[in-house]
Amino acid sequence: MIRKPAMVLIPLLALAGCNDDDGSPLEVNILHINDHHSHLEADTLSLTIAGQETTFESGGFARIASKILEREAVLDNVLKLHSGDAVTGTLYFTSFEGEADAELMNLVCFDAFALGNHEFDRGDEGLKQFLDYLASGSCNTPVLAANVKPALGTPLAPVAEDDYLQPYAIREIGGQRVGIIGIDIAGKTQASSSPLASTEFLDETATAQAMINELQADGVNKIVLLTHYQYRNDLVLAQALSGVDVIIGGDSHTLLGNFDNYGLTAGGAYPTELTNADGDKVCVVQAWQYAQVLGELTVAWDADGKVTACTGVPHLLLSDSISRENDQGEDYRPAGSELQAILAAVAADPQLSLVTEDATVASALQRYTEQLDTFRNQVVGTATEDLCLERIPGAGGRSAIEGCDAQTRDHGSDISNLVAQAFLYLSKNADVAIQNGGGVRTDIPQGDITIGDAYTLLPFANTLVDLTMTGAEIRQVLNEAADFAHDPNGSSGAYPYAAGLRWNVDMSRAAGERLFNIEVRDRDGSVWRALTDADVLNVVTNSFTAGGRDGYLTFGTVTNDGRAVDTFLDYAQSFVDYVEAVGTLNKPALSDYSTQSYTAAP
């Protein structure tokens with residue numbers, strides 16, 4: 001199926017003979033999400049409410065849909081936008097490869113969807129399949145990626161470059177035209193996902209300016225960028241571009257707003273207001289992650305197409321399923337005056353919404369859930385304590401478990417180290433294991449570990465690959481990964497974790513030397529020794545990084561040299577096998593963490 005919607009879409013408000021520049025002010029309400037990553041079910045979220053930690057059922061796509069319907073009913077001139085990374089992250093993608101996500105997205109009917117880097121996790125062919133699922137509904141949602149250029153004859157461009165992807169869409173709203181331009185993060189997508197080598201990724205800033213110029217030449221003077229480019233990059237982009245009015249972003253999973261009182265740390269104001277290269281107001285927003293927040297941005301343009309005001313609220317989507325812990329650590333349901341105090345605190349803040357799930361979306365999701373339940377609920381082992389997630393030591397914000405940020409400050413992620421241990425255990429030939437932090441996606445809380453937990457933890461279609469490498473190459477690839485993890489155009493997910501290797505990190509040192517004092521431990525021993533350049537070791541990693549992705553360039557060189565053997569062991573199933581074999585998982589001993597000390601750049 002070739003998906004090729006019209007560039008100019010059906011008007012939100014039909015006006016015969018409309019003129020995009022009719023000298024009238026315009027106000028548009030933008031409802032937006034990003035990075036839902038196949039998190040279709042509700043989750044839980046702990047907030048400090050009415051003076052006490054309180055746990056809510058939260059988020060989920062049925063709650064997103066319900067809130068969108070509620071806001072659409074009271075707002076005029078609504079645009080519904082998705083800023084990418086719809087897929088990868090839970091068993092719903094592992095099992096259904098985008099079909100479930102597409103069906104639920106079609107029940108919302110987004111006015112535009114911008115590609116994210118994870119849309120390419122199954123390659124161009126996998127993305128084509130997802131977009132075919134999306135096109136099978138009646139929404140005809142345009143898929144935007146101005147800086148992504150598939151080669152003719154490839155899955156995304158079987159006949160023409162724009163068979164599946166368009167650079168921008170134009171919406172008629174209130175009798176005027178609004179241009180929406182899609183921008184994907186180029187370097188990260190190429191290095192940290194799996195697009196075809198023939199698929200070209202253009203510079204984000206240059207492409208955005210070229211598309212703005214093209215729209216302005218056509219008389220469109222109200223410009224929205226729908227980006228998957230990270231919040232900090234969006235701030236730079238906003239100030240570098242002429243003619244940009246609004247940036248609706250994604251990729252960095254940034255919470256914006258004022259949530260400090262609830263124990264959540266926001267990355268900036270919602271909206272964040274800057275001035276563009278013309279000195280005009282530009283508004284930047286993002287809506288956190290995992291279908292937890294619906295962003296609502298109101299933008300007012302004057303008669304000349306200049307933004308005069310932008311206001312809004314990030315709606316954190318909560319359920320009335322509420323629990324707390326008593327002094328004995330036992331969960332209970334608040335009632336009476338205690339419950340009323342919680343509900344009053346929620347009602348007092350427009351950022352907090354108690355939302356009932358949309359029945360239609362919940363019913364559609366249930367069909368997929370029933371297929372997964374038997375498989376994913378099988379218990380394979382036990383975690384004796386919380387196994388915390390982080391990417392870079394000291395970064396904070398990746399864990400969903402209270403207290404984990406403090407635990408991962410010095411040595412990084414518990415669970416990522418354990419994943420590396422699992423891969424070393426399963427590989428029959430490896431001396432050491434190296435795993436990129438971004439390939440590990442969630443905490444493992446204390447308690448039972450199920451198959452579903454393992455596939456949520458490791459959701460990508462990876463296998464274990466053995467690489468024969470020298471000590472010098474290992475030193476080089478680890479530094480490549482650490483450097484790429486800290487590069488603004490790289491990916492924090494590149495940060496390396498290992499089993500059988502440990503090191504110190506000082507990001508104030510010169511590039512290539514920041515990861516040092518590398519030691520190796522014999523597979524069957526307990527003695528650590530300095531890694532020498534002349535050592536020859538077998539390294540097990542995942543097939544993604546083995547191909548040189550995520551900044552692991554030396555891995556790619558070793559693979560191209562013929563020194564790689566794919567074991568064809570599925571990496572999530574390998575973790576399941578490891579947990580079944582050992583029975584229980586604990587935090588690593590301090591001596592076994594791959595990062596022994598971490599010093600951030602000044």
Side-chain angles (χ1 to χ4, degrees), residues 35 37-39 41 43 85 87-98 117-118 120-122 126 192-194 289-290 372 375-381 383 386-391 398-401 412-427 430 433-445 448-466 481 491-499 540-547 549-550 552 555 566-582 585 588 594:
D35 296 278
H37 279 291
S38 300
H39 282 251
E41 292 181 301
D43 206 334
D85 275 6
V87 298
T88 301
T90 73
L91 273 177
Y92 284 101
F93 181 67
T94 305
S95 298
F96 303 113
E97 298 189 333
N117 54 297
H118 283 288
F120 284 94
D121 281 348
R122 300 288 172 90
S192 298
S193 194
S194 301
Q289 62 184 6
Y290 304 155
L372 292 181
F375 173 69
R376 67 177 171 180
N377 290 329
Q378 294 179 42
V379 175
V380 292
D386 290 335
L387 304 175
C388 301
L389 175 71
E390 190 47 82
R391 288 197 172 179
R398 285 289 170 178
S399 175
I401 298 176
S413 176
D414 304 326
I415 187 59
S416 301
N417 278 284
L418 291 172
V419 165
Q421 288 187 21
F423 294 167
L424 181 57
Y425 181 91
L426 265 293
S427 175
I434 298 174
Q435 166 68 28
N436 59 320
V440 182
R441 304 302 287 188
T442 186
D443 308 281
I444 294 291
D448 289 342
I449 302 172
T450 65
I451 290 175
D453 293 331
Y455 278 85
T456 301
L457 177 75
L458 302 167
F460 305 108
N462 289 325
T463 56
L464 300 188
V465 176
D466 291 337
S491 169
S492 61
Y495 191 83
Y497 288 88
V540 63
T541 190
N542 63 73
S543 53
F544 176 75
T545 54
R549 301 285 189 177
D550 230 7
Y552 289 76
F555 276 173
D566 195 328
T567 70
F568 297 104
L569 294 171
D570 178 86
Y571 88 149
Q573 186 60 49
S574 295
F575 185 77
V576 170
D577 294 344
Y578 173 72
V579 174
E580 286 184 317
V582 301
L585 294 185
S594 50

Quick one, Val465 with Asn542, criterion side chain to side chain contact (heavy atoms under 4.5 Å, CB included). Give me CA distance, side-chain angles, the key distance, then yes/no.
CA-CA 6 Å; Val465 176; Asn542 63 73; over 6 Å; no
Going by atom types alone, do [X] and [Y] pair a side-chain donor with an acceptor below 3.5 Å?
X      : Y      : answer
Thr450 : Asn377 : no
Asp466 : Ser427 : yes
Asn417 : Ser594 : yes
Tyr455 : Gln573 : yes
Ser574 : Asp577 : no

Side chain of [X], backbone of [Y]: donor and acceptor closer than 3.5 Å?
X      : Y      : value
His118 : Val87  : no
Asp443 : Pro445 : no
Ser491 : Asp550 : no
Asn462 : Tyr571 : no
Thr541 : Ile434 : yes
Arg398 : Leu389 : no
Thr456 : Gly89  : no
Arg441 : Gly438 : yes
Thr90  : Ser38  : yes
Asp85  : Asp35  : no

From [X] atom [atom1] to [Y] atom [atom2], the distance as rounded to the nearest 0.5 Å:
X      : Y      : atom1 : atom2 : answer
Cys388 : Ile401 : SG    : CD1   : 5.5 Å
Phe544 : Asn436 : CZ    : CG    : 6.5 Å
Tyr290 : Asp43  : OH    : CG    : 10.0 Å
Arg391 : Ser413 : CZ    : OG    : 10.5 Å
Gln435 : Thr545 : CD    : OG1   : 6.5 Å
Thr463 : Asp570 : OG1   : CG    : 8.0 Å

Where is the tightest heavy-atom contact between Ala572 and Leu458, given as atom of each residue plus distance?
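Closest heavy-atom pair between Ala572 and Leu458: CB-O, 3.4 Å.
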Specify the closest pair of heavy atoms between Tyr552 and Ala481, including all atoms of both residues, with the distance to one decimal.
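Closest approach of Tyr552 to Ala481: CZ-CB, 3.4 Å.
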Please assess Leu464 against Ser543 for the test side chain to side chain contact (heavy atoms under 4.5 Å, CB included), listing each intermediate value before the final yes or no.
CA-CA 6 Å; Leu464 300 188; Ser543 53; over 6 Å; no
Parallel, tilted or perpendicular: which one describes the rings of Tyr578 and Tyr425, with boundaries at 30° and 60°?
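Ring orientation of Tyr578 relative to Tyr425: perpendicular.
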Salt bridge (Lys or Arg N to Asp or Glu O under 4.0 Å) assessment of Arg376 paired with Glu41
CA-CA 14 Å; Arg376 67 177 171 180; Glu41 292 181 301; 2.9 Å; yes
Hey, does Ser95 have a side-chain heavy atom less than 4.5 Å from the side chain of Phe375?
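No; the side chains remain at least 4.5 Å from each other.
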Ile415 side chain near Tyr497 side chain, heavy-atom distance below 4.5 Å
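A side-chain contact under 4.5 Å is absent here.
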Start with the C-alpha distance between Leu585 and Ile444, add both sets of side-chain angles, then the distance that settles side chain to side chain contact (heavy atoms under 4.5 Å, CB included), and finish with yes or no.
CA-CA 10 Å; Leu585 294 185; Ile444 294 291; 5.6 Å; no
